[in-house]
Amino acid sequence: MADQPQSREERRKQHQVKGKQKGKKKSVGLWKKIFLTLIALGIVGILAGVGTFAYLVKDAPKLDSKLLKDPISSKILDKDGNLIAEVGAENREYVAYQDIPKKLEDAILATEDYRFYQHHGIDFVRLGGAVLANLQHGFGAEGGSTITQQVVKNSFLSPKKTLRRKVEEAWLSYQLEQQYTKHQIFEMYVNKVFMSQESYGMATAAKTYFGKSLKELSLPEYALLAGMPQSPSNYNPFLHPDLAEKRRNIVLTLMNQHGFITKSEMEAAMKVPVQSTLVKEDQRKINEKPYDSFVDTVINEVKANTDFDIYSDGLTIYTTVDPKAQTYVYNLLNSNDIINYPDDKFQAGITLLDTKTGEIRAIGGGRNQQVKRGFNYAVDTRRQPGSTIKPVLDYGPAIEYLNWGTYQTVEDKPVTYSTGKTFGNWDNRYMGPMSIRTALQLSRNTPAVQTLQQVGLDKAKNFAINLGIPLKEIYESYAIGGFGGKTVGVSPLEMAGAYSAFGNNGIYTKPHAIKKIQLRDGTVMDTTPQPKVVMKDSTAFMITDMLKSVLEPPGTGTMAKVPGLPIAGKTGTTNYTDQELKQWNIKSSKSVPDAWFTGYTTNYTASIWTGYENRSTPIVPGPNQKIAQTIFKNLMAYVSNGTNTPDFTVPNSVQKVRIEKDSLPPVLAGQYTPDSEAITEWAVKGHAPTTVSQKYNKLDAPTNAAAKYDQTKNAITLTWDYNKSTNPGVQFDVTTDSGAEPTHTTIAENTLTIPNPSPGAKYNFTIVAKSTDQTSDPVTVSIEIPKPTTDQGNNTGQGNSGAVIPPGGTTPGSGSGTGGTPGGTPGGTPGGTPGGTPGGTPGGTSGGTPGGTSGGTSGGTTGGTPGGTGGGSKGH
């Protein structure tokens, strides 16, 4: 039967069914292509990953059984490349796995790798958690390293956090797990890990911190050891018992969390104070070595500036230490042969730098120190600097920013802080206007505060920060070193660094102990800080020149002076408040908690702090407060012996100026300013005073000076002329010199009478006109007083011929002649006035006119009546 023709609707439905079938076939084909593409990409990714992995591990070091078991110490070399110390291999006790207490193993697993016995070197579960934590909280938020990886890292690899190192670490960890058992790897970890105090391995640490073997420890002690490897120095219970206890309690919490201890065991262990478990201080004495304080500084520098572990990375460290200087500093602190210390508890911190390079030549970390890596008074100290801060915060900024010269005058007077509080000098004395050189030399406080106020706190703070003084805030009291708070202060290392910039023409290089570090693979890292200009050379020179005065009388630092050595430096002491004096029952208000001296030559800079561990113990008044100066003097003399120490050079940016003393504002000394009223100082070129003093300009000199002798009055009359119309208030200084002690007279008149001059003496007179602030050139005049004489005439008559008799004298005189003119004149004239008056009339009458005239006027009057006929025989 023939098919019936299809309707239009049937044909449409058939077409839709065919379309769906065709679309389904196309969809299946697309997904198949995508799937195959992904497989291909996956294969390519795997191949690329494998290739990358192979490339990254191709240079990975080989597993070395010796390195797995032996420590990799770091070598420390002196400035000449000679070995002075090895850090890492000195202190180790080995413990086999079977002797490791179970509680210690549990503590380590809970803290470092609780899935240690489940993974094969890399814990992907823990790694995933660490990656998530790092994505959420930043790189380094959580570590994913297993105990196996830590063994590999400590044994073979650099601590640098790079992709290559992490891949190598994973590869070597896998190999390590293939070649060694879990117990062997755990044994390696327990014996290799660094535990501070130059101790390696937990068996060593048990003896170091608790004085016991591992099997004798308690649960809280095991927990403390297990927590230390994360940061050995920070969790050192000797140095930081509070941090160590917090870390221990975290370990106990983890042990409970992972089921190793019960909650009650955890809580009981947490109640045990860390310090109660530690070995007593007198039982952990270690023989001090001359280099320990310097090595301590090297360790700190490696930790602060690199990611290396000096105790396990096998570094070769090239340092700056001078072995002779370091040994001398050690002996200086630990022997009374050089310095007479008051007692064994008296402490000192010393830093010696190369002035030009900032390289540390020696470190004195303290006296009679019993614990290695203990408190370093040269580096760790944070004490108030006293007046040693004045060049840094006060006068240095004033020269730098205000262009002050060393002559700048500041008045020593009570001052008022911006808070309204009045401040005065410690001795309640004030010396009036003085140059900043004198203020620094005498260490006067109120001029320093006024200087800081004029500079401004912000500028002064920035100046100090550029010199390596870490100020976070500043107050006016900082001007004299009164830093506030227990944590605000400076170290000798920082003070030496700041002062070295003054001695190096204003160039600062951060003090450093390391020049370069060589890694085990031969890579060398240059760690030398870059020098930077922090002030003008004019500022550096003028501060230096002022500080040289401190070591000269009447400066405060004369005991630090080394004869023949150009040294600049500054003393510094701090004070107790009235409340502290009362609180600590300190008897003398002149006692101080800190005494400093910081100074430098062109070759070396040294800063010395002295005092006691606790500020409450005072340095009593007397020579003990000068010990810092004595240490400086001995050290600088030692290191400078046999070396050329040139003086500081004068830069072209300064000029000498002659300033009138105590002028405010400063003015140049005038042409006639006396030397006693002028000072020669330094000015920043282009900023010297331009005003010339008129104070000592000369007045017109007196004229027509004359000295006349009046025989009748027996007196000298001194006269001169002077026009007072231009200077009505002028007076005259008259100096009389007759061969004995000169006399001085000040008068307003133009005449002066000198009675009763000495016969035969020569009188020299000097006359100077003066007003309140001016003087004239001197005018001089002289006169000679006649001597007594005896003269003979030729006449037969005897007349009194002229005896010269001082007032009140009785010397006789005689003459010859009959009374006539020939005998009278020669004998009378020369001595008439002095001898004549008493007997004049009688002699004249008796001797007749010719003889009377001769004898009466001259010498005859002396003799009376007989002189007329026969001459006078005696005078009165």
Side-chain angles (χ1 to χ4, degrees), residues 702 704-721 734-740 742-743 745 747 749-767 779-793 795 797-817 819 821-847 849-868 871-876:
N704 300 324
K708 295 183 178 180
Y709 175 64
D710 189 332
Q711 184 173 343
T712 303
K713 297 180 180 179
N714 190 28
I716 300 171
T717 301
L718 183 65
T719 60
W720 59 89
D721 294 334
V734 181
T735 301
T736 304
D737 185 358
S738 60
T743 60
T745 305
I747 58 175
E749 297 79 16
N750 293 31
T751 182
L752 178 66
T753 299
I754 297 90
N756 304 322
S758 299
K762 183 177 182 180
Y763 283 78
N764 300 310
F765 301 99
T766 301
I767 309 163
V779 174
T780 60
V781 64
S782 301
I783 188 171
E784 189 170 353
I785 307 305
K787 296 181 180 179
T789 60
T790 301
D791 296 324
Q792 297 293 330
N795 294 332
Q798 293 183 351
N800 197 344
S801 62
V804 179
I805 304 175
T810 57
T811 304
S814 62
S816 63
T821 300
T825 300
T829 301
T833 301
T837 302
T841 302
T845 302
S846 301
T849 300
T853 302
S854 176
T857 303
S858 305
T861 54
T862 307
T865 301
S873 62
K874 192 173 184 179
H876 299 286

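What you are looking at is a predicted structure, and each value in this text was computed from that prediction instead of being measured. Along the sequence shown, the residues carry numbers beginning at 1.
- Two residues are said to be in side-chain contact when any heavy atoms from C-beta on lie closer than 4.5 Å; Tyr709 and Asn714 meet this criterion.
- When all heavy atoms are compared, the tightest approach of Ser758 to Tyr763 is N-OH, 2.9 Å.
- Residue Ala707 comes nearest to Ile716 through the heavy atom pair CB-CG2, 4.3 Å, listed as atom of the first residue, atom of the second, then distance.
- Counting only distance, with no hydrogens or angles, the side chain of Thr751 and the backbone of Leu718 share a donor-acceptor pair below 3.5 Å.
- In this structure, Ile767 and Pro702 approach most closely via the heavy-atom pair CG2-CG, 3.9 Å.
- In terms of heavy atoms, Ala706 sits closest to Val781 at CA-CG2, 4.1 Å.
- For the pair Lys762 and Ser782, the tightest heavy-atom approach, listed with the atom from each and the gap, is CE-CB, 3.9 Å.
- With a 4.5 Å cut-off on side-chain heavy atoms, Asp710 and Thr753 do not count as touching.
- Between the OG1 atom in Thr719 and the CG atom in Asn750 there is a gap of 9.0 Å [rounded to 0.5 Å].
- Shortest non-hydrogen contact noted between Pro757 and Ala715 is CD-CA, 4.0 Å.
- A distance of 4.5 Å separates CG of Leu752 from CD1 of Ile747, quoted to the nearest 0.5 Å.
- Taking the side chain as every heavy atom from C-beta outward, Ile754 and Phe765 approach each other to under 4.5 Å.
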